[in-house]
Student: 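Submitted below is the structure of interest, expressed as structure tokens.
Remember, predicted model here, so these are calculated numbers, not experimental data.
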Amino acid sequence: MHTVHTVLLLADPPAQTLPARSMMAFTLASHIILVPMGVALPLITLLMHGYGLRRGDATALLLARRWSAVMAVQFAIGVVTGTVLSFEFGLLWPGLMGRWGDVFGIGFGVEAWAFFLEAVLIAVYLYGWRRLPSRTHFLLGLPLPLVALLGAFGILAANSWMNTPRGFTLDAAGNPVDVRIWKAVFTPMFGPEYWHFVFAMFVTAGYVVAGVYAVGRLRGRRDHYHRLGFTVPFTLAAVCTPVQFVLGDSIARQVFQKQPVKFAGMEIVWKTATHQTEYLYGRLHPDGTVTGGIGIPGLDSVLAGFRPDTRVTGLTSVPAADRPTPTQATIAHWAFDTMVGIGSLLLLLALWYGGLWLWRRRLPASPWFFRGAACAGVASVAAVECGWITTEVGRQPWIVYQNMRVAEAVTATRSTGLWIMFAVIVVVYVFVFGSFLAVLLRMRSRWRLADGQGGPRPPKETPEPDTPETETPYGPRSAGSRL
């Protein structure tokens, strides 16, 4: 088996590798944009729904109803992008699925079951507005966040297995036998990856939703509708941000212990030593030198083991064929540093919000805070993308860590055909995401029209021009209502 690996690495990678990687990277990056909302928006919607029922707040119920509509549209788009990814695993990486599918494929099975359950529950939840008793409707929606987390469980089980494969033995031909499902699911990296991912979804979705209402605040809309639409999701994100920061530090240390070569790539560490320098950005060259960036002597060892004399494994501890290339290490390092930098800024924003709320029980008044909140959603999505780049690029050249290389797994389909398929997917995705944006903009326009026409008129002496409709979502529809 070792001889086969050596022959593969001495030869150039198959021509199919670049288009297959490019296609997978594009579709995965596109799908990840939707994932935070798919995982966390059900929880945010149910929080607002519960608040509205508990306080008798019609505006909160209106927000929950509108967010549930967005949730349904987002889920429909996610069906398209997720299905494409599922097919790509088999079409682009038949070596992976053919040899290892029996070991880690259960994760995809769990995700499929979660997908069907979520589709049913979303349909029931949407149908329940105005048609079911309020408490019954709310209780029927409660399983939604749990099912969303179950879907994340399946995907993260598969990905963590690719990083730390367990639960099998190899026969004389190098094929996995004696599969132990529980060990294959609950690998050493599963717990750290799963909780880091879940809190990243809560943080990202919270900031994305709150950012919409932060923009409204900056445009002068300071009514109860915008204040509540901002406060609930932002509070969730602000509470989860410091937890996510701790989880991020913990998972980096787990990578240091269980995937030392990957950690070396993330931190562009060339030679094994103590008192390793921490580089903020910088570029790694084939001779091991680093140019650009800011070097802080000894900090990398401190971050890895809390002591400057912590020994950090370098990339040269393994043959060149078994580690990321200098370019791949630099990409993973930049993605990692960008993710950490964005997380640090979000933590400062969360502390600003939380500190003022604890001391004065009010929202920050500074326009700079709301500018930061408006940008936080986009920044959070960028951080999630960078996290996945770090995970996948840092694992190179392995598709299954230390068991199968990317070159062994790629399809035998001609590269020209793959490039054509990639171009078609790009066109389709532009249409799909353009349609998604058009639907969201149309929903926004319709809701603004309803806010201007359907809401109760405030007293003349206290005009509030942007008051949204406050008609309860339960009970019979009013004449002409289309919401």
Student: Within the 4.5 Å heavy-atom criterion, are R135 and L53 side-chain neighbours or not?
Tutor: no

Student: Where is the tightest heavy-atom contact between L315 and P324, given as atom of each residue plus distance?
Tutor: CD2-CD, 3.9 Å

Student: Taking the cut-offs as 6.0 angstrom to the six-membered ring centre and 45 degrees off its axis, would you call R444 and W447 a cation-pi pair?
Tutor: no

Student: Would you say M443 and V73 make side-chain contact, with heavy atoms under 4.5 Å?
Tutor: yes

Student: Check this for me: I294, atom CD1, are more than 12 non-hydrogen atoms of other residues, nucleotides or ligands nearer than 6.0 Å?
Tutor: no

Student: I need the single residue from L156, L247, L149, V203 that forms a side-chain contact (heavy atoms from CB on, under 4.5 Å) with V198. Which is it?
Tutor: L149

Student: What's the shortest heavy-atom distance between G38 and A148, and which atoms?
Tutor: O-CB, 3.7 Å

Student: Is it possible for you to check whether R131 lies under 6.0 Å from the centre of the six-membered ring of Y127, through NZ or CZ, and within 45° of that ring's axis?
Tutor: yes

Student: Mind checking the CD-CD1 spacing from E385 to I32? Nearest 0.5 Å is all I need.
Tutor: 5.0 Å

Student: Is the shortest heavy-atom distance from the side chain of Q276 to the side chain of S301 under 4.5 Å?
Tutor: yes

Student: Tell me the closest heavy-atom pair linking P260 and K258, and the distance in Å.
Tutor: CD-C, 3.5 Å

Student: Could you tell me if the side chain of E88 sits less than 4.5 Å from the side chain of M24, heavy atoms only?
Tutor: yes

Student: To the nearest 0.5 Å, what is the distance between CG (L150) and CD (E111)?
Tutor: 9.0 Å

Student: If we only count heavy atoms from C-beta on, is the T310 to F256 side-chain gap below 4.5 Å?
Tutor: yes

Student: Can Q74 and F436 be said to form a side-chain contact (heavy atoms from CB on, under 4.5 Å), step by step?
Tutor: CA-CA 8 Å; Q74 177 275 328; F436 181 40; 4.2 Å; yes

Student: State the CG-CE distance between L43 and M48, to the nearest 0.5 angstrom.
Tutor: 12.0 Å

Student: Can you give me every donor-acceptor pair (side chain of residues 339-352, partner residue at least two apart or in another chain, under 3.5 Å) with its distance?
Tutor:
unit_1: S344; atom_1: OG; unit_2: V340; atom_2: O; d: 2.9

Student: If you count every heavy atom of other residues, nucleotides or ligands that lies below 6.0 Å from K183 atom NZ, does the total exceed 12?
Tutor: no

Student: Quick check: are there more than 12 heavy atoms from other residues, nucleotides or ligands sitting under 6.0 Å from CD1 of I106?
Tutor: no

Student: Apply the test salt bridge (Lys or Arg N to Asp or Glu O under 4.0 Å) to residues R253 and D249: give CA-CA distance (whole Å), side-chain angles for both, the deciding distance (0.1 Å), then the verdict.
Tutor: CA-CA 6 Å; R253 201 161 288 110; D249 178 71; 2.8 Å; yes

Student: Restricting to non-hydrogen atoms, name the atom on G141 and the atom on P145 that form the minimum distance, rounded to 0.1 Å.
Tutor: O-CD, 3.7 Å

Student: Given the rule in the side-chain contact (heavy atoms from CB on, under 4.5 Å) test, do R130 and R65 qualify, once you have shown the distances and angles that lead to the verdict?
Tutor: CA-CA 10 Å; R130 299 186 185 277; R65 179 154 54 95; 3.5 Å; yes

Student: Applying side-chain hydrogen bond (donor to acceptor under 3.5 Å, both in side chains), run through H49 and Y125 and close with a yes or a no.
Tutor: CA-CA 11 Å; H49 192 167; Y125 187 65; 2.7 Å; yes

Student: Is T390 close to H333 at the side-chain level, that is, under 4.5 Å between some pair of heavy atoms?
Tutor: no

Student: Inspect the surroundings of CH2 in W93 and state if more than 12 heavy atoms from other residues, nucleotides or ligands are less than 6.0 Å away.
Tutor: yes

Student: Are there more than 12 heavy atoms of other residues, nucleotides or ligands under 6.0 Å from atom CZ of R55?
Tutor: no

Student: Donor-acceptor pairs under 3.5 angstrom involving side-chain atoms of residues 232-243: please list them, not counting sequence neighbours.
Tutor:
unit_1: T235; atom_1: OG1; unit_2: T231; atom_2: O; d: 2.6
unit_1: T235; atom_1: OG1; unit_2: Y353; atom_2: OH; d: 2.6
unit_1: T241; atom_1: OG1; unit_2: Y207; atom_2: OH; d: 2.8
unit_1: T241; atom_1: OG1; unit_2: A237; atom_2: O; d: 2.6

Student: Checking side-chain contact (heavy atoms from CB on, under 4.5 Å) for the pair I122/L126: CA distance, chi angles, key distance, verdict?
Tutor: CA-CA 6 Å; I122 287 176; L126 284 176; 4.1 Å; yes

Student: Checking D300 against H275: is there a side-chain donor and acceptor pair closer than 3.5 Å?
Tutor: no

Student: Under the criterion side-chain contact (heavy atoms from CB on, under 4.5 Å), I'd like the reasoning laid out for F26 against S30: C-alpha separation, chi angles, the key distance, then a yes or no.
Tutor: CA-CA 6 Å; F26 174 79; S30 301; 3.9 Å; yes

Student: Considering the options W388, F197, F104, F190, which one meets the side-chain contact (heavy atoms from CB on, under 4.5 Å) requirement together with N159?
Tutor: W388

